[in-house]
Amino acid sequence: MNSDEIRITFPDGRSETVSRGTSVQDVLSKVKPSRDGWIAAKLNGRMVDLAGKIEEDAALEGIEKGSEEATVVLRHSAAHIMAQAVKAIFPEARIGIGPAIENGFYYDFEVERPFTEEDLEKIESKMRDIISQKLAFKRTEVSREEAIRFFAQSGEKYKVELLEEFTDPNVSYYQQGDFVDLCRGPHIPHTGHLKAFKLLSVAGAYWRGDEHKPMLQRIYGTAFFDVEGLKKYLHFLAEAQKRDHRRLGKELDLFSFTDEVGAGMVIYHPKGALVRHILENFEKREHLRRGYQIVIGPTLLKTELWKRSGHFDNYRENMYFTEIDEQSYGIKPMNCLSHMMIFKSKIRSYRELPIRYFELGTVHRHEKSGVLHGLLRVRQFTQDDAHILCMPEQLNQEIKNIIDFVTEVMGIFGFEYEMEISTRPEKSIGADEDWERATSALMKALEEKGLPFQINEGDGAFYGPKIDVKLKDALDRRWQCATIQCDFTLPERFDLTYIGPDGAKHRPVMVHRVILGAMERFLGVLIEHFAGAFPVWLAPVQAMIVTVTDSQLDFANQVCRELQERGVRAEVDMRSEKLGYKIRDAQMQKIPYMLVIGDKEVAAGAIAPRKRDGMQLELMQPREFADLIEKECLETSRGRIGLGI
RNA sequence: GCUGGCGUAGCUCAAUGGCAGAGCAGCUGAUUUGUAAUCAGCAGGUUGGGGGUUCGACUCCCUUCGCCAGCUCCA
């Protein structure tokens with residue numbers, strides 16, 4: 001091998017010798033033909049353009065059109081193309097940043113007036129124009145100083161600000177047509193690769209996510225290599241809209257909000273309240289089975305106490321305060337204080353530990369008005385909250401127990417989930433070594449359970465680090481529900497102690513944790529997950545009795561009473577409508593079973609069940625139907641709940 | 001909280017400065033019907049609240065409450 005040759009190694013272990021300075025494109029197309037075509041590549045693990053030259057021995061992996069990584073590259077390029085279009089139409093616009101994100105891309109601009117729907121159409125059409133020109137993305141490396149000069153000269157102050165914080169002496173920029181953007185790359189070879197895209201929305205976004213910095217206008221869009229992919233994604237969005245719990249909550253008459261009551265305050269209608277009761281009863285049983293003790297604390301606690309806990313200093317802006325007999329009280333945003341008071345109410349022995357207090361605790365938090373969102377973000381909500389007080393050496397086992405608890409419960413509802421560990425935030429209390437101890441306790445528990453997790457730096461609670469569990473719903477969106485938080489601080493502040501085997505006082509460790517999180521949020525996620533079609537054990541109405549004519553109503557009522565007696569949640573549709581009409585109605589209410597009664601059924605003293613998926617069951621006695629429902633409830637709730645709530 | 005958009009009958013939506021409307025739901029009557037919508041009639045409104053401009057405001061302006069998208073923040 002002479003000095004002008006270099007060796008390229010491929011992921012399958014093969015290798016090739018090529019001359020120094022050969023482009024990525026040439027190497028790839030020569031030795032590894034791709035079915036769909038190459039978009040970019042990874043050179044020694046680093047993403048590069050196809051046009052890049054290879055100067056030394058390297059490992060090379062092609063990124064093929066259609067792969068996830070190629071789509072990220074495409075979307076990033078789409079953001080550049082959009083920015084080019086915006087600059088062409090609004091030359092005075094200043095560009096911020098424009099990355100690819102999950103499902104699409106965005107780009108931020110500083111403009112005189114916000115973009116309108118019509119602007120988006122104009123921008124889209126300009127983008128199509130740019131795409132048809134098949135402009136190459138050209139990469140240029142320059143010194144940082146030169147880049148600063150260049151962007152300062154073209155008035156791109158946001159790019160200059162970014163550059164000034166860079167530490168690398170060299171940076172790269174990309175140019176397609178007359179548009180130049182500071183960018184690491186890589187990009188698609190030319191604009192013609194963008195076959196399918198759509199601009200979706202405009203919204204304000206703070207520069208660099210900082211609410212003290214100016215607000216730019218952000219345009220969101222999505223992009224695909226083919227029209228099929230775009231269509232599928234738009235269909236997915238439409239599907240998500242149909243499952244929106246706010247829409248279903250109204251349609252299924254589960255809950256409502258009204259400005260007369262106030263923002264972020266849920267009003268549960270009978271059916272929604274029933275579902276919540278089922279969930280809560282389920283939870284009480286699950287907690288008792290696992291050695292938790294159910295407790296109830298007050299809603300108002302003296303402000304003095306919130307000062308001692310640190311909530312007043314660290315959480316005040318989220319709390320509501322009131323005054324009683326010239327005494328200041330805070331409405332609880334968390335349940336931990338009264339749980340600690342219960343612990344403190346007498347001398348505790350190490351033999352009692354771990355103590356696990358569970359409360360379906362209703363809390364109030366003053367969330368900023370702009371963040372409220374249906375059931376998923378409210379100002380009054382009920383947590384399935386527990387505080388575990390244990391000896392330090394019991395901590396690991398307790399955390400593992402909670403992880404098992406979460407795993408089991410999520411399995412029952414059919415959720416998949418991801419775990420994250422959040423570390424110490426800026427605004428927090430406690431000693432560094434305690435934070436470290438708690439954080440490693442959480443990590444160790446997850447590792448021992450063999451569960452993968454991500455680290456979320458600086459995202460912990462003010463009193464301790466936490467494990468967050470993000471649920472994935474049927475549409476693959478993430479929702480934070482369960483959380484497990486370690487706390488060495490509050491036991492200290494409240495001087496919680498137990499008497500150890502040595503007869504001396506010791507400090508317990510506290511774990512704050514929720515399983516479903518907030519009943520409100522969990523219900524919202526459940527509604528979207530099941531698209532409103534709850535499994536039988538959770539359905540507020542399990543069976544709607546529908547008669548062919550009014551003459552079977554007496555028998556229908558008799559059947560209904562018999563089923564209710566057994567604990568089946570049954571109702572009779574008394575309206576003198578045609579059978580098809582009543583079936584349709586029950587169907588749209590997503591009621592699991594419709595029990596049809598005509599003359600035939602009356603004669604046989606039976607009912608003809610129809611499932612909501614349209615499946616017709618054999619004629620059966622009401623008693624047999626109750627058995628069937630009971631069996632189905634037990635099966636779908638993994639033996640937890642049969643008939644009744 | 002911030003930026004932008006929005007608020008009309010129970011629900012979904014019309015009416016761009018000149019008589020507030022439709023479909024569905026509701027009620028009444030007729031129909032008595034076999035697995036996703038029977039027909040007819042009736043009723044339904046301080047156009048989110050308050051203030052202003054105007055001969056005249058659902059429509060324009062101010063203010064307030066609420067909703068939506070996103071940002072920031074979070075169970």
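Each chain gets a letter, A, B and so on, in the order the sequences are listed, and its residues count up from 1.
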Practice problem: Taking atom C1' in both B/G56 and B/U16, compute the distance separating them and give it to the nearest angstrom. | Solution: 15 Å

Practice problem: Scan nucleotides 70-75 of chain B nucleotide by nucleotide, 5' to 3', and note B when protein non-hydrogen atoms come under 4.0 Å of the base, S if they reach only the sugar-phosphate, - if neither. | Solution: BBBBBB

Self-check item: Spatial distance of atom CD1 (A/I95) from atom CE (A/M82) [nearest 0.5 Å]
Solution: 11.0 Å

Quiz item: Looking at RNA chain B, which of residues 105-112 of chain A put a heavy atom within less than 4.0 Å of it?
Solution: none

Practice problem: For A/D119, enumerate each residue passing the side chain to side chain donor-acceptor pair (under 3.5 Å) test, keeping only those at least two apart in sequence or located in another chain. | Solution: A/R113, A/T116

Exercise. Pick the C1' atom in B/A36 and in B/A30, then give their distance to the nearest Å.
Key: 24 Å

Quiz prompt | Phosphate-side-chain proximity, A/R246 and B/C68, N/O vs OP1/OP2 below 4.0 Å | solution = yes

Under 3.5 Å between N/O atoms: give me all the protein pairs with nucleotides 24-27 of chain B, atom names plus distance.
{"from": "B/A25", "atom 1": "OP1", "to": "A/Y581", "atom 2": "OH", "distance (Å)": "2.8"}

Self-check item: Listed partners of A/H387 passing side chain to side chain donor-acceptor pair (under 3.5 Å), at least two apart
Solution: A/H339, A/H512

Self-check item: Whole-Å distance separating the CE atom of A/M544 from the P atom of B/G34
Solution: 20 Å

Quiz prompt | P spacing across the pair B/G44 / B/G18, given as an integer number of angstrom | solution = 25 Å

Quiz item: Mind checking what makes side-chain contact (heavy atoms from CB on, under 4.5 Å) contact with A/E92, not counting sequence neighbours?
Solution: A/F90, A/E112

Quiz item: Taking the same atom, P, in B/G21 and in B/G29, what whole-Å distance lies between them?
Solution: 28 Å

Quiz item: How close or far is atom P of B/A36 from atom CE of A/M615, stated in whole angstroms?
Solution: 16 Å

Practice problem: Using the P atoms only, state how far B/G17 lies from B/C24, rounded to an integer number of Å. | Solution: 30 Å

Self-check item: Working for side-chain contact (heavy atoms from CB on, under 4.5 Å), residues A/Y357 and A/L389
Solution: CA-CA 8 Å; A/Y357 294 130; A/L389 291 141; 4.2 Å; yes

Quiz prompt | Distance, rounded to the nearest Å, where A/L372 contributes CG and B/C68 contributes P | solution = 8 Å

Exercise. Give the rounded distance in Å between these two atoms: CD of A/E117 and P of B/C68.
Key: 18 Å

Quiz prompt | Length of the line joining A/I267:CD1 and B/C67:C1', which is rounded to integer Å | solution = 15 Å

Quiz item: If the P atom of B/C58 is compared with that of B/U8, how far apart are they to the nearest Å?
Solution: 15 Å

Exercise. Indicate whether the side chain of A/D468 and that of A/T483 have a donor and an acceptor atom separated by less than 3.5 Å.
Key: yes

Quiz prompt | Shortest side-chain distance from A/R584, nucleotide among B/G66, B/A36, B/U32 | solution = B/A36

Quiz item: Given the P atoms of B/A15 and B/C6, what is the spacing between them in whole Å?
Solution: 13 Å

Quiz item: Are A/K271 and A/D253 close enough for a salt bridge, meaning some N to O gap below 4.0 Å?
Solution: no

Exercise. Just jot down the side chain to side chain donor-acceptor pair (under 3.5 Å) partners of A/E577, sequence neighbours excluded, or say none.
Key: none

Quiz item: So A/F257 and A/F255, would you call those rings parallel, tilted or perpendicular, with 30° and 60° as cut-offs?
Solution: perpendicular

Practice problem: Nearest whole angstrom, please: distance from the P of B/U38 to the CD1 of A/I583. | Solution: 12 Å

Quiz item: Out of curiosity, A/M319 CE to A/N314 CG, how far, rounded to the nearest 0.5 Å?
Solution: 11.5 Å

Quiz prompt | Where at least one partner belongs to residues 595-604 of chain A, residue pairs that pass side chain to side chain donor-acceptor pair (under 3.5 Å), sequence neighbours excluded | solution = A/Q552-A/D599

Dump every N/O contact between nucleotides 7-16 of chain B and the protein below 3.5 Å, one line per pair.
{"from": "B/U12", "atom 1": "OP1", "to": "A/K250", "atom 2": "NZ", "distance (Å)": "3.4"}

Exercise. Taking side chain to side chain donor-acceptor pair (under 3.5 Å) as the test, write out the residues that go with A/D313, two or more places apart.
Key: none

Self-check item: Test side-chain contact (heavy atoms from CB on, under 4.5 Å) applied to A/A518 - qualifying residues, sequence neighbours left out
Solution: A/F381, A/E520, A/R521

Self-check item: Partner residues of A/H529 under the ring pair (Phe, Tyr, Trp, His ring centres under 6.0 Å) criterion, sequence neighbours left out
Solution: A/F415

Quiz item: Is A/Q217 touching bases, backbone alone, or none of the nucleic acid, heavy atoms closer than 4.0 Å?
Solution: sugar-phosphate

Quiz item: Just how far, in rounded Å, is C1' of B/U35 from CZ of A/R610?
Solution: 5 Å

Quiz prompt | Whole-Å distance separating the NZ atom of A/K582 from the P atom of B/U38 | solution = 11 Å

Quiz item: Roughly how far, to the nearest 0.5 Å, is the CD1 atom of A/I467 from the CG atom of A/N456?
Solution: 12.5 Å

Quiz item: If you take atom types as modelled and just measure distance, does the side chain of A/E601 reach the base of B/G34 with a donor-acceptor pair under 3.5 Å?
Solution: yes

